[in-house]
Amino acid sequence: AEVDGPLSEEARENLEIVRKSGDHLRALIDDILDLSGLESGEFQLSRGNVDLYGVAAQVAREARATLGGKRIELQLLGSTSVVWADERRVRQIIGNLVGNAVKFTREGFVEVSVASHGSTSHVAVKDTGPGIAAEMQSAIFEEFQQAGDLHARRAGSGLGLAITRRLVAMHGGQIELESRLGEGSRFTVTLPASADVAPRSAPLNEVPERTPRQAI
């Protein structure tokens, strides 16, 4: 870039707008392709032993780079915790949840915690964002449904949580939401810790209902 000389401030700003628009379009296309694959039954998992904490740490490092000037502390808690899963999709699940938390939280913290509980392992993403109204807590897992302020909603596709729920269900796991309007949210994903307890990928018509829990 700038082979023919330095760019003006206006030109830099315009290029940054183009770059961000391109990134948004690419993410939107990726979400649509993922959803299409899930609905057609062509979506397959490639499972093995995955360090849930290691994946969460990678996601947290990348998320810190997107904070910009936000007054947010991104915390990571836990230790090595193995799940029987598709590592790429686990990264997508955690990335969607952490990305949403960072996007909607203006100040305070986003906490990612990992723990093992017998035959399952859990990853929870807690934030001090605006929270989600009780009547919206089921709807946000549907396609093209979003909560939060208008600017943040426009920045997403409205597919992230719908895809996340389906990916969790395909692993034989569960996703739960605890939230109170004005006080933040906590999403908890539970995944099987070994192949012995992991069911085969759930058909889409057998995806279990998500269960919003009591407010945090």
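Start at 1 with the first residue, then count along the sequence.
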> Among the clusters formed by ILVMFWY side chains lying less than 4.5 Å apart, do Leu45 and Val55 turn up in the same one?
Replying inline: yes

> Do side-chain atoms of Thr66 reach the backbone of Ala63 as a donor and acceptor pair under 3.5 angstrom?
Replying inline: yes

> Which salt bridge (Lys or Arg N to Asp or Glu O under 4.0 Å) pairs, counting each pair once, include a residue from residues 56-71, with sequence neighbours left out?
Replying inline: Glu62-Arg91, Arg71-Glu107

> If Ile, Leu, Val, Met, Phe, Trp and Tyr residues are connected whenever their side-chain heavy atoms lie under 4.5 Å apart, and connections chain through other members, are Met136 and Leu177 in the same group?
Replying inline: yes

> Applying ring pair (Phe, Tyr, Trp, His ring centres under 6.0 Å), which residue pairs with at least one partner in residues 172-197 are found, sequence neighbours left out?
Replying inline: none

>> Nearest 0.5 angstrom please: Glu178 CD to Gln137 CD, how far?
In response: 9.5 Å

> Considering all heavy atoms of both residues, which atom of Val102 and which atom of Val110 are nearest to each other, and what is their separation?
Replying inline: N-CG2, 4.2 Å

> Can you name the closest pair of heavy atoms from Trp84 and His171 and give their distance?
Replying inline: O-CD2, 4.2 Å

> Is Leu97 reachable from Leu67 through a run of I, L, V, M, F, W or Y residues, each pair having side-chain heavy atoms under 4.5 Å apart?
Replying inline: yes

>> Can you tell me how far apart CD (Gln75) and CD (Glu111) are? Round to the nearest 0.5 Å.
In response: 5.5 Å

> Under 4.5 Å between side-chain heavy atoms, hopping through other hydrophobics if needed: is there a path connecting Val59 to Val82?
Replying inline: no

> Taking Ser121 for the side chain and Val83 for the main chain, is one N or O donor matched with an acceptor at less than 3.5 Å?
Replying inline: no

> Shared ILVMFWY cluster between Val50 and Leu76, side chains joined below 4.5 angstrom?
Replying inline: yes

>> If we count only N and O atoms by modelled type, under 3.5 Å, do the side chains of Ser81 and Ser116 hold a donor and an acceptor together?
In response: yes

> Can you list every ring pair (Phe, Tyr, Trp, His ring centres under 6.0 Å) pair that touches residues 116-139, not counting sequence neighbours?
Replying inline: His117-His122

> Judged by atom type as modelled, is there a donor-acceptor pair below 3.5 Å linking the side chain of Glu73 to the main-chain atoms of Gly108?
Replying inline: no

>> Treating Ser179 as the side-chain partner and Gly131 as the backbone partner, does any N or O pair qualify as donor plus acceptor under 3.5 Å?
In response: no

>> If you define the side chain from C-beta out and look only at heavy atoms, does anything of Asn96 sit under 4.5 Å from Leu167?
In response: no

> Measuring from Ile132:CD1 to Glu183:CD, what's the distance to the nearest 0.5 Å?
Replying inline: 13.5 Å

>> Would you say that Thr188 contacts Arg186 through its side chain, given a criterion of any heavy-atom pair below 4.5 Å between the two side chains?
In response: yes

>> So, taking the atom named OG1 in Thr80 and the one named OH in Tyr53, what distance separates them when rounded to the nearest 0.5 Å?
In response: 8.0 Å

>> Nearest 0.5 Å, please: how far is OG1 in Thr164 from CD1 in Ile175?
In response: 6.0 Å

> If you look at every heavy atom in Thr190 and Val168, which pair is closest and at what distance?
Replying inline: O-CG1, 4.4 Å

> With no hydrogens and no angle check, is any side-chain donor or acceptor of Asp127 less than 3.5 Å from a backbone partner on Ser185?
Replying inline: yes

> Does a donor on one side chain sit under 3.5 Å from an acceptor on the other, for Asp86 and Ser46?
Replying inline: no

>> Let me confirm one number: the CD1-CZ distance from Ile163 to Arg166, rounded to the nearest 0.5 Å.
In response: 8.5 Å

>> Test side-chain contact (heavy atoms from CB on, under 4.5 Å) on Val189 and Gln174; report intermediate values, then the result.
In response: CA-CA 6 Å; Val189 170; Gln174 294 181 323; over 6 Å; no

